[in-house]
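What you see below is based on every heavy atom in this structure, not just the backbone, and it leaves out hydrogens, waters and symmetry mates.
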Amino acid sequence: PTRGLHSGQDTQERGTEMDQNNTDIRIPLISKIAYGMGDVGCNFSWMFVGNFLMIFYTDVFGISMSAVAALMLFSRFWDAVNDPVIGALSDKTHTRWGRYRPWLLIGAPLTAVVLALSFWAHPEWPAAGKITYMAVIYCVLVLGYTCVNIPYGTLCGAMTQNIEERAKINTFRSVSAMVAIGVINIITVPLIASLGRGDEKRGYLLAAVLYGCIFAACHIFCFAKTKEAVEIPEKRSVSLKTQLSAVMKNRPYLIAVAGQFLFGVTLYGRNADALYYFTYVEGNKALFSTYSLCIIIPSIVGAACFPPLFRLTGNKGRSASMFALLTGICMIALYFFSAGSSAVPFYAVSCLAQFFFSGFNTAIYAIIPDCVEYGEWKTGLRNDGFQYAFISLGNKIGMAIGTSLLAAVLGACGYAANARQNGMVLAVIKHGFTTIPGVLWVITAAVLFFYRLNRRAYNQIVREIRERETV
């Protein structure tokens, strides 16, 4: 263990080999890039699923909205079991490559195969067969993604304990993610059309194969160019009850979980709604690519603005709260414009909303590793993977509620695939893209405002932890 924290000072730049005895270190540029590429891979899998799987199920596979809504809810019960299990298993993993990196090497290629199977449509099958196939493959996909994403997310906290470096690492992650999301949203609709040559089934399948390969390659690169420097001491087996009790005493972490839950409801509900919005409200599916192209630069710039705001506020939660509030205001304003009849204000407000959202996306993930140290200081128990598992679970439960509610309400209002929609359906789709996520962003801002773990308190906590270890 180290004998002190270099508070207020940067350590000297190091090469690829990092001193295992010093956890307050600067991370090499290649490692930051590699960590960011991990989230590129995550988004070529999960954002593709979040943005396109629901409309694939309803409009290509021929599955009813009610069945899709039921699946989204059911899969979260599955997550409630496997997320904490994978988190705990990753904490107990011991290899020469560390605890978390091996999961990327093994899990990513296997999950890529399941991703392709998830977009293999069989519209000619009977309804029961389609629903069974959808449920089984989707649950396996969720498990595979969990096996990669939880260790990946936990890896940041294992690379360094320097709060400034963690902010930079998460900025690389967020900027990379914003680029990936922009690319996915811009190219996917025309890519499906090009690969399918008039056959959407073929187009979706080949796109999924391509994105699966990118998913696997990015995580293998992340595995190869990162290193775990924070040694977690061997400890006796800790019961689930003890771990849950420790988590409940970690107030910053509970606020982070609440923020992730609201983030999941808002982000994935709106993302699932986006293609429906441009297809049926705006009347032109191709506008989705235009919209995505317009917001990609604000995405990158917004993500890069988190570190200077954090230096100003000294509080990652407050920074996230500010970004969330401004995102919500912009999305509510978006209701009054249209990509067709008022294109300039529509795209201008969309760019502002995306700028603030990208800053939030960086901040909300930068919070998590710091909560681990707070929990260790408060309870004496360090369980990185277990805590990240509940962060992931909160986000996924939010995703389930956001997407399943959208599907259920659209189904109840009379949604008909590939047909002219009634006024009620169009109203639900429009509000789901603008005012509803806007209000939820404002609520998210209010929750994160109460995050109290600032830079000074965190540095003092790490100092005290190091002092305990030297006794």
Query raised in the report: Judged by atom type as modelled, is there a donor-acceptor pair below 3.5 Å linking the side chain of Ser358 to the main-chain atoms of Gly302?
Result: no

Report summary line: Residues Ala216 and Ala112: closest non-hydrogen pair is CB-CB, 4.4 Å

Query raised in the report: Can you tell if the side chain of Tyr100 reaches within under 4.5 Å of the side chain of Asp91, non-hydrogen atoms only?
Result: yes

Query - Pair Phe288 and Tyr277, ring centroids less than 6.0 Å apart - result: no

Query - Ser319-Thr313 side chain donor-acceptor pair, cut-off 3.5 Å - result: yes

Report task. Nearest 0.5 Å please: distance from the CD1 atom of Ile181 over to the CD1 atom of Ile300. Result -> 11.0 Å

Query raised in the report: Taking the side chain from Ser194 and the backbone from Pro190, do they hold a donor-acceptor pair closer than 3.5 Å?
Result: no

Query raised in the report: Does the gap between the ring centers of Phe56 and Phe52 come in under 6.0 Å?
Result: no

Report summary line: Sorted by chain and number, sequence neighbours left out, side-chain hydrogen bond (donor to acceptor under 3.5 Å, both in side chains) with Asn361 holds for Ser174

Report task. Indicate yes or no: at least one non-hydrogen side-chain atom of Leu155 is less than 4.5 angstrom from one of Pro151. Result -> no

**Report entry** Distance, nearest 0.5 Å, that separates CZ of Phe48 from CD1 of Ile214
**Finding:** 10.5 Å

**Report entry** Check: Phe433 ring centroid to Tyr291 ring centroid under 6.0 Å
**Finding:** yes

Requested in this report: Determine whether more than 12 heavy atoms belonging to other residues, nucleotides or ligands lie under 6.0 Å from atom CE of Met47.
Outcome: yes

Query raised in the report: Does any N or O in the side chain of Tyr276 come within less than 3.5 Å of the main-chain N or O of Ile429, such that one atom is a donor and the other an acceptor?
Result: no

**Report entry** Donor-acceptor pair, side chain of Ser341 and main chain of Ser338, under 3.5 angstrom
**Finding:** no

Requested in this report: Could you walk me through whether Lys396 and Thr146 pass the side chain to side chain donor-acceptor pair (under 3.5 Å) test, one step at a time?
Outcome: CA-CA 10 Å; Lys396 288 179 182 177; Thr146 298; 2.3 Å; yes

Report summary line: Correct closest heavy-atom pair for Met399 and Trp46 would be SD-NE1, 3.5 Å

Query raised in the report: Minimum heavy-atom separation for Ile255 to Phe450, with atom names?
Result: CD1-O, 3.3 Å

**Report entry** side chain to side chain contact (heavy atoms under 4.5 Å, CB included) between Thr58 and Val68, intermediate numbers included
**Finding:** CA-CA 8 Å; Thr58 59; Val68 173; 4.1 Å; yes

Query raised in the report: Is there a donor-acceptor pair closer than 3.5 Å between any side-chain N or O of Asn315 and the backbone N or O of Arg455?
Result: no

Requested in this report: Kindly indicate whether the side chain of Trp441, heavy atoms from C-beta on, has any atom under 4.5 Å from the side chain of Ile332.
Outcome: no

Query raised in the report: Quick one: does Ile55's side chain get under 4.5 Å of Tyr204's, heavy atoms only?
Result: yes

Report summary line: Here the pair of heavy atoms bringing Cys218 nearest to Val40 is SG-CG1, 3.8 Å

Query raised in the report: Which atom pair, heavy atoms only, marks the closest approach of Pro252 to Tyr451?
Result: CB-CE1, 3.6 Å

Query raised in the report: Ring centres of Trp103 and Phe223 under 6.0 Å apart?
Result: no

Requested in this report: For the residue pair Ile367 and Asn170, establish whether any side-chain heavy-atom pair is separated by less than 4.5 Å.
Outcome: no

Query raised in the report: Can the ring centres of Phe360 and Phe323 be said to be less than 6.0 Å apart?
Result: no

Report task. Flag yes if more than 12 heavy atoms outside Arg456 fall under 6.0 Å of its CZ atom; otherwise flag no. Result -> no

Query raised in the report: Hey, are the side chains of Cys330 and Phe356 touching, using non-hydrogen atoms and a 4.5 Å cut-off?
Result: yes

Query raised in the report: From Ser289 OG over to Ile187 CD1, what is the distance, rounded to the nearest 0.5 angstrom?
Result: 9.5 Å

Query raised in the report: Would you call the rings of Phe306 and Phe310 parallel, tilted or perpendicular, where under 30° means parallel and over 60° means perpendicular?
Result: parallel

Ignoring hydrogens and angles, write down the donor-acceptor pairs under 3.5 Å from the side chains of residues 406-417, residues two or more places apart or on other chains.
| from | atom 1 | to | atom 2 | distance (Å) |
| --- | --- | --- | --- | --- |
| Tyr415 | OH | Asp59 | OD1 | 2.8 |
| Tyr415 | OH | Asp59 | OD2 | 3.3 |
| Tyr415 | OH | Tyr280 | OH | 3.1 |

Report summary line: When rounded to the nearest 0.5 Å, the distance separating CD1 of Ile169 from CZ of Arg26 is 11.5 Å

Query raised in the report: Is a salt bridge present between Lys32 and Glu165, judged by a nitrogen-to-oxygen distance below 4.0 Å?
Result: yes

Requested in this report: Without swapping roles, check the side chain of Lys316 against the backbone of Ala366 for a donor-acceptor pair under 3.5 Å.
Outcome: yes

Query raised in the report: Side chains of Ser392 and Asp83: donor-acceptor distance under 3.5 Å anywhere?
Result: yes

**Report entry** Ionic contact status for Glu373 with Arg166, cut-off 4.0 Å
**Finding:** yes

Query raised in the report: Checking side chain to side chain donor-acceptor pair (under 3.5 Å) against Asn51, which of Thr188, Asn271, Asp273 comes through?
Result: Asn271

Report summary line: In this structure, CZ of Phe74 is separated from SG of Cys139 (nearest 0.5 Å) by 5.0 Å

Query raised in the report: Is there side-chain contact between Ile391 and Tyr253, with heavy atoms separated by less than 4.5 Å?
Result: yes

Report task. Mark yes or no for whether Thr226, through its side chain, and Cys222, through its backbone, hold a donor-acceptor pair below 3.5 Å. Result -> yes

Query raised in the report: Yes or no on side chain to side chain contact (heavy atoms under 4.5 Å, CB included) for Phe172 and Leu29, after CA distance, side-chain angles and deciding distance?
Result: CA-CA 10 Å; Phe172 271 84; Leu29 178 61; 3.5 Å; yes

Query raised in the report: Does any N or O in the side chain of Ser321 come within less than 3.5 Å of the main-chain N or O of Gly317, such that one atom is a donor and the other an acceptor?
Result: no

**Report entry** Test: Lys378 and Glu464 ion pair at under 4.0 Å
**Finding:** no

Query raised in the report: Between Phe355 and Ser299, is a side chain to side chain contact (heavy atoms under 4.5 Å, CB included) present by the stated rule, with each step listed?
Result: CA-CA 5 Å; Phe355 172 84; Ser299 296; over 6 Å; no

Report task. With rounding to the nearest 0.5 Å, note down the distance linking CD1 in Ile150 to CD1 in Ile86. Result -> 7.0 Å

Report task. State whether the number of non-hydrogen atoms from other residues, nucleotides or ligands found under 6.0 Å of Phe449 atom CZ is greater than 12. Result -> no

Report task. For the pair His219 (side chain) and Gly38 (backbone), establish whether a donor and an acceptor sit closer than 3.5 Å, ignoring hydrogens and angles. Result -> yes

Query raised in the report: Tell me, do Ser45 and Tyr211 make a side-chain contact under 4.5 Å, heavy atoms counted?
Result: no

Report task. Kindly determine whether Leu440 and Arg270 satisfy side chain to side chain contact (heavy atoms under 4.5 Å, CB included), including the steps that lead there. Result -> CA-CA 11 Å; Leu440 289 172; Arg270 186 175 189 261; over 6 Å; no

Query raised in the report: How close do Thr171 and Ala304 get, heavy atom to heavy atom, and via which atoms?
Result: CG2-CA, 4.0 Å

Requested in this report: Kindly say whether Arg101 contributes a backbone atom to a donor-acceptor pair with the side chain of Glu228 at under 3.5 angstrom?
Outcome: yes

